[in-house]
Amino acid sequence: MKWNWPTVNSEPLPPWWVLCLLALLLLAQGTWMFIDARKRGRKAWFWGLWGVVNLPSPLIVYLLVVVWGDYRKAKRKTGE
């Protein structure tokens, strides 16, 4: 007899390759954010861990807060 798991208003899982692709994207995003934040001296563990949790909102916030902030600070320092 085959066991049928109860399905109470639940959607079926996506294919295995979609889950693997999502895991790779999350790992790549978190790794890049960690390395870049460490290079800039900006709380690398926080950005790296947050980058592994969700996609793509941490990357967008990181680009706006850290990268664009550093760009504006450097531009202001040079007097342009």
Side-chain angles (χ1 to χ4, degrees):
M1 181 171 140
K2 184 178 177 185
W3 176 260
N4 290 325
W5 292 99
T7 56
V8 179
N9 297 330
S10 64
E11 296 291 323
L13 288 175
W16 64 271
W17 59 270
V18 173
L19 296 176
C20 289
L21 180 64
L22 182 62
L24 285 173
L25 287 173
L26 286 169
L27 187 63
Q29 173 183 269
T31 303
W32 180 80
M33 288 171 64
F34 175 81
I35 291 170
D36 193 65
R38 186 174 56 182
K39 182 173 61 175
R40 295 173 188 268
R42 296 288 200 100
K43 298 181 183 170
W45 283 103
F46 168 75
W47 290 109
L49 286 175
W50 192 34
V52 173
V53 173
N54 200 357
L55 188 77
S57 53
L59 182 62
I60 294 169
V61 172
Y62 179 78
L63 290 173
L64 288 174
V65 171
V66 175
V67 176
W68 190 59
D70 287 352
Y71 170 75
R72 287 188 58 200
K73 191 184 297 182
K75 191 174 180 182
R76 199 175 318 134
K77 196 179 280 186
T78 60
E80 292 180 12

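Starting from 1, each residue takes its place in the sequence as its number.
A 4.5 Å side-chain heavy-atom check between Pro58 and Val53 finds every atom pair outside the cut-off.
Here the side chain of Tyr62 pairs a donor or acceptor atom with the backbone of Ala37 at under 3.5 angstrom. Checking side-chain atoms of Gln29 against main-chain N and O of Asn54 turns up a donor-acceptor pair under 3.5 Å.
In this structure, Leu27 is not a member of the same hydrophobic cluster as Ile35, with clusters built from ILVMFWY side-chain heavy atoms closer than 4.5 Å. Note on Val18 and Leu22: separate hydrophobic clusters, where clusters join Ile, Leu, Val, Met, Phe, Trp and Tyr whose side-chain heavy atoms are under 4.5 Å apart, directly or indirectly. Residues Leu55 and Met33 fall into different hydrophobic clusters, defined by Ile, Leu, Val, Met, Phe, Trp and Tyr side chains chained together at heavy-atom separations under 4.5 Å. The cluster map of Ile, Leu, Val, Met, Phe, Trp and Tyr, joined by side-chain heavy atoms under 4.5 Å apart, puts Trp50 and Val52 in different clusters.
Residues that satisfy the ring pair (Phe, Tyr, Trp, His ring centres under 6.0 Å) test with Trp45, not counting sequence neighbours, are Phe34.
Expressed to the nearest 0.5 Å, how far NZ of Lys43 lies from CG of Leu49 amounts to 13.5 Å. Note that CG of Leu25 is 4.5 Å distant from CG of Leu21, once rounded to the nearest 0.5 Å. Considering CG of Leu59 and CG of Leu64, their distance stands at 9.5 Å, rounded to 0.5 Å. In this structure, NZ on Lys75 lies 10.0 Å from CH2 on Trp68, to the nearest 0.5 angstrom.
Arg42 and Asp36 are not joined by a salt bridge, as no carboxylate oxygen comes within less than 4.0 angstrom of a charged side-chain nitrogen.
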Exercise for review: Please assess Val61 against Trp47 for the test side chain to side chain contact (heavy atoms under 4.5 Å, CB included), listing each intermediate value before the final yes or no.
Suggested key: CA-CA 10 Å; Val61 172; Trp47 290 109; 4.1 Å; yes
